[in-house]
Each structure stands twice: as structure tokens, then as C-alpha cells.
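Comments concern the structure below.
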Number of protein chains: 2
Amino acid sequence: MSSNIKDVAKLANVSISTVSRVINNASNVQPETKKKVLDAIKKLNFKPNKIAQSLGGGSFHSIGVVSSRSSNQGFVPLILQSIAEVADEKGYEIILNNSADEMKELEKCLSMIESKVVQGLILLSSRINDLLIEKLYELNFPFVVLGKVLNEYLANRVYSVDTDNLADCKEALNYLISLGHKRIACIHAPLNYVVSKERLDGYIEAHKEAGIPVDYSLVANGGYDINQSYEAAIRLLKTPNPPTAIFATDDIKAVGAYKAMLELGLKIPEDISLIGHNNYDISQITTPPLTTIDVPILQLGKVVTEKLFDLIEGKTTDVRTILDTKFIVRGSCKRL
Amino acid sequence: MSSNIKDVAKLANVSISTVSRVINNASNVQPETKKKVLDAIKKLNFKPNKIAQSLGGGSFHSIGVVSSRSSNQGFVPLILQSIAEVADEKGYEIILNNSADEMKELEKCLSMIESKVVQGLILLSSRINDLLIEKLYELNFPFVVLGKVLNEYLANRVYSVDTDNLADCKEALNYLISLGHKRIACIHAPLNYVVSKERLDGYIEAHKEAGIPVDYSLVANGGYDINQSYEAAIRLLKTPNPPTAIFATDDIKAVGAYKAMLELGLKIPEDISLIGHNNYDISQITTPPLTTIDVPILQLGKVVTEKLFDLIEGKTTDVRTILDTKFIVRGSCKRL
DNA sequence: ATAATTGAAAAAAACGTTTCCATAATATAT
DNA sequence: ATATATTATGGAAACGTTTTTTTCAATTAT
């Protein structure tokens, strides 16, 4: 069926090594020889077998992308797009690891590493006690985390790209507080993810700094999807002493809350203020449009992938890179 | 650093072939020999090199997933999740191809095939004149399309999994027509994608069957994102003789239209009716919730992947599989 | 004119497996 | 007890490359 380097060598009447040199355009091959080989390659429509190249030459060029099922669905397509762009340029394949549970994910990643399938790994989220991160660090395998590593020891050692979630959330909260809000609720994502905890911490710290005691009855888990956050918002709003503002740790959750507000007849921002996070497309379609925090998702993907290649290629690179965000004031908040 | 089969053989004091047999748990190996080998494997923490296995044994087990950048963003995470589930079970890797433009996509796919990296391909969308599909068919390479192939010759030959977009859209339109609507607008996705054209065709056919002439001034391209469909809806609604209903070819576009309606002070469904497609989470959060067509995304992913494995394994399988959908009447339509 | 130097190309080893074939040992049938 | 079939194992070829080493010829220096 398909030809191999031997066929080419035979047809061009040269040795296998010469063909190999031509393929990898090594310097020391006579122009006429090169032409013969190139002609043979063309005639046979020969394409080097990448698997064989990998065995012979060193390694299969690919990076793994680990995306927990529960990681923020909204940005998966975007982040994959920008990772692919960089990887393509480098001639690397992208191997997806989309495991159902944490143990399977760990197992699959280790197997990919041990069996020499991937040269590096991008983790699209980090969890509070992330076994995978610990293990990868132990192995001294090239990997970059999108987000923050909580573990104190690893935090300064594991390469990561992130936005400053704590500061961003504090800024959003300070904005609400400056508008006179004192009863501000928080709808957050499941707290086993570091990013969720960080954003909640921003909420808490802002309270502390402003001297407002945190009322934990105003803090609710908004789960993974829009309906869970809708339900959380309903619960928060139906209390005797409801909040005057809701801070959601992502726009999807904010939209869930938005629905609850409309349903309860609350006008935004007249009756209640609302803030999201990430600046997804969806944040522009609510009426009024959502005040939120813009996260440069494509840029994150680009930087995280570039950092990984730095590691793979043995270049030095910053352990941690923080990208700028922008607080975007639209129309969903009002002075009390 | 890491051990190979030779090391294991030496430690267990057996031949390389015996180790190989144990790894691939061949039947004919004495229990005690097997134990020796297994012990050695454990002691050395040996993991077979997948690349070498691929060269020796036949092929690198992986499937490629082709996702055009402009393919429907909403379901990428979901479909990847279900593809991963099936591929994992089979022990196949998933290699992503997320190319920017059509030519690059074609090139990359052919290269992956020629260089023996992938055993099969899943195309997450098909275009009107899809060079990739034609080429893959010519090569007789295992691949499955999620969606429909328009080309008459290929339609009965290329393996595909789909929902019945034409019928589904007709059902939705008939519903609107049965409610007395006659001026129904359509906001569709870019028509180079087959699915967009099909859904628009459903809109047109329903008109014809009901004897209502299609007014093409009511048909608008809603582009790729929520804002473009918002703008399209604004244009449609600001005409002298505006529609009484809008049919959007997906929920994202419906939400864009929803925003336009709210902004123009139109009450849904009192002043105008609205229908979406796909039953994304988001369709439940509008007020009123969106009448839409439920598409079983996870199921589509499962079936498309299973079909691909049937092809890879040489089993016979239906050329085309159509999955059931469900028209979901919520609250966004009203009798005229 | 001869030895040393260079350069292109061939030959061969290596990468880490699987698999085919041969061999020795064991079990079964006559 | 002998011939035959079966089984467990080892040896070696094969997979398709890259890379190192060797060979040979041509050039340069002495």
C-alpha cells in the first residue's frame, strides 16, 4: 500500500540514510542526489511514518491537555483553540484527556507519560489537593497549570498561568461596597476547585477589609450548571433578610441568578445588583448587560502553551505568569 | 532512567519474547514464569513504550477529532466528553485537530493519516462542499461525520450520525404556523455549514407545505456569536412589517434575538414568539423559558464514536444513523 | 608523489517492541 | 516403548525510522 523509506532508497538508487538525510534536510547531501531522492519521494508519494520517526529519533511530539469534566465548560472551546494554534506551529499533536473521575485522570496521565506518548501536559484547572499535580512535580515532568496551585510548597515550584482572581474579586466587591452595598451574596462554583475558592476568598477578604462581617448564610454553592445557580439564587433571595447584591463567580452563575431575580419580580439594578466573572458572550445579552470581569481566555491559552514549550525545550521561564484582566462596568449594579 | 523490556527480561531471567507475551497476556506462558516476569516488571516499574509498541505491533491507537473553529461552540465540551468516554474504553487516544482555516485542516488531517498517527477520524461538522470529506472518502479511510453530507454521491456512502434537522425544524415551524403565525423570521448560522442549510430548508419547506410564501427579507444570517444574532434580530424587528415570530437555528441565536426583543420593548410571547434549537442549558433561563428542540448531544458523541470503532474494526454498521430529538414546548410561543 | 584532510554516501547499529520460527520439553496416542 | 502432537520458551527478524560509524573518493598540503 503505502511506501516506506526503503522503497524510496531503492527507486532513487541511494541508501536509506541518504533518504533520511534528505527528509530531515541535512546539509551534506549533493544537489543532484537530493534531486533524485526528492523525485522518488514524489513519485511514490512517500510520507515518513511519524511513529517510526518517533522511535528512531527520540520522541512523539505531542502535548496532553487535561480537562476535568467539571472544569469551567464555558471556556473549553476557546482555550483549546488557542492551545491548538501554538501547538500546531511547533508541530506538536494535542492529545485530549477528558476523564470522568480524578483517579482515572491521574492514571491516564501517568500512563501517557510513562509510555512516552506526551512530552508535556497542560492542566486546565487545579483542585485543592491535586494528586496529579503532586505526582507530576515528583516526576519532574514538564507541565503547566492554568490557575493556581494551593499547596504552599508547590505554589512556587509548579509552573502556572493565571489571572489574579483574588484581586479581581476584591475589586468587584469593593465596587459593590462603594455603591453602599452591605448585604452581598456570593454564588460560587464547587470549592474543590482552587479557582472557586480563590474567588470566594476575594469576596471574604473584601468584606474584612471594609469591616463588614461575612454573613455565611449569604454564601451558596452554585454547582456546575445554570440551573443549580438559579436554585441557589432563589434560596438566597427568598430569605427574610435578602441581599441587595449578588456576586457570582462566573457569568453562567450570574445568568442563573438573573433568572431567579426576574422570576421573583426583582428589577436589576433597581432592586438588586449583580456581578459576574469571565465576560462570556452571554454577559452582554442580559438586560441590563452584566457588570463582570474580563478574562483573556485566548491569551491564557496562548501563554500557558508557550510556557509549556519553554519547559519542554529546556528554556527558563517564569514559574508563574499573571495576565491582566479588566473590570467591566455595565449596567447591572446600582448605588443603594 | 526508565526501564525497557530488555531490562525486565534480564531481571526475570527470561527472553524478551516471554516478557512481551506476559505484557500482552498471551495464553501460553507458565504461571511460574509469568510470576517471575510480573515481579520484575513491578520491581523495575516498567511500562511498555507505546510508540515502540505501535511500531512493532501495528499501529498507534488513536482517533482524530476535527472541530472547525466555527463549528457550534455550545456543544464542543459535551461532545468531546462523550467521545472521550468511548475512546477511553477502547484504549484509544484522542488527537485534536482544531485548525483555523479549511486548507490547514485538510492538510493536517491528511498528514496525520499518512504518517500513521490516527486510525480514524470524527468530523464534528460538515460543510457544503467539503474537500476533506471527499478526500477521506477517496482514501477509503475510516471516518464518521457528525451531521449530513450534502453531496449526492457521498451522502449514501459516507458514514454519518445525525438528527433529522429538516423534520425537526419543520415541526417547529408547523407549530408556529398552527398557532396562526404567518410572518415568521429565521435567524440562521452561516450557510456554508450543512446543518445551517438544512435547518433553513426546514423553515422553507414548512412554509411551502403550508402554502405560505417565503419572504426572504425575513431570513437573516445570525453569524457565529450571540451579538451577531442580536444585531440580525434588531434589523428584522425594526422593519415596517416585522415578523410575529422568530425561528432561530440554535438557542444561542435565540438568546441573541431575545435580547433584541426585550430591548425593543417586545413582550415574549405576547408580542412575539421565539423558538430555538438544541436545548442548551441557556434555553431554560430566559423568561419565559425557550421553546426549543432537544438534541441528544452526549448520545450523538457516543454513537458517532462507536460507529467509528465499528469501521476501524471492520465491522459492518449502518451508513447513516439518525437519533431521536424532542420538540420541547416551553413558554416562548403564543397563538396569534 | 605521497600523506593528510575533507566530504559524500553507504553500511550498520540503535530505538523498544511484536511476531514468526525453531527448539526443547512435555504430554498423548499407538 | 516409540512415534506424534502439544506446549513453553528462546532466538532472531521485522516494524520504519534516526544516528553513528565506516568506507571510499576527491581534494589539499607537504
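Lettering follows sequence order; numbering is per chain, from 1. All values below were derived from every heavy atom in this structure, side-chain atoms included, with hydrogens, water molecules and symmetry-related copies excluded.
- A salt bridge links B/Glu138 to B/Lys135: one of the charged nitrogens lies within less than 4.0 Å of a carboxylate oxygen.
- Taking atom CG of residue A/Asn24 and atom C1' of nucleotide D/dT20, one finds them 15 Å apart after rounding to whole Å.
- In this structure, A/Asp318 contributes its side chain and A/Arg320 its backbone to no donor-acceptor pair below 3.5 Å.
- Salt-bridge check for B/Glu114 with A/Lys50: failed, with every basic side-chain N at 4.0 Å or more from each acidic carboxylate O.
- Residue pairs meeting the ring pair (Phe, Tyr, Trp, His ring centres under 6.0 Å) criterion with at least one member in residues 114-135 of chain B: none, sequence neighbours excluded.
- The stretch residues 7-23 of chain A comes close to DNA chain D through A/Ile16, A/Ser17, A/Ser20, each having a heavy atom under 4.0 Å from the strand.
- Side-chain atoms of B/Asn49 come within 3.5 Å of backbone N or O of B/Ala52 as a donor-acceptor pair.
- The distance between atom NZ of B/Lys34 and atom P of D/dT9, rounded to the nearest whole Å, is 11 Å.
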Sub-3.5 Å pairs of nitrogen or oxygen atoms, protein against nucleotides 14-16 of chain D:
| residue | atom | partner | partner atom | Å |
| --- | --- | --- | --- | --- |
| D/dC15 | O2 | B/Leu55 | O | 3.3 |
| D/dC15 | O2 | B/Gly56 | N | 3.3 |

N/O to N/O distances under 3.5 Å, protein versus nucleotides 4-8 of chain D:
| residue | atom | partner | partner atom | Å |
| --- | --- | --- | --- | --- |
| D/dA8 | O3' | B/Gln30 | OE1 | 3.2 |

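- In this structure, the side chain of B/Asp101 engages the main chain of B/Met103 through a donor-acceptor pair within 3.5 Å.
- Screening residues 14-38 of chain A for salt bridge (Lys or Arg N to Asp or Glu O under 4.0 Å) gives A/Lys35-A/Asp39 as the qualifying pairs, with residues at least two apart or on separate chains.
- Put simply, the side chain of B/Ser126 never gets that close to the backbone of B/Gly147: no donor and acceptor are under 3.5 Å apart.
- A salt bridge does not link B/Glu89 to B/Lys302: none of the charged side-chain nitrogens sits closer than 4.0 Å to a carboxylate oxygen.
- Residues passing the side-chain contact (heavy atoms from CB on, under 4.5 Å) test with A/Thr317, sequence neighbours excluded: A/Tyr159, A/Lys307, A/Asp310, A/Leu311.
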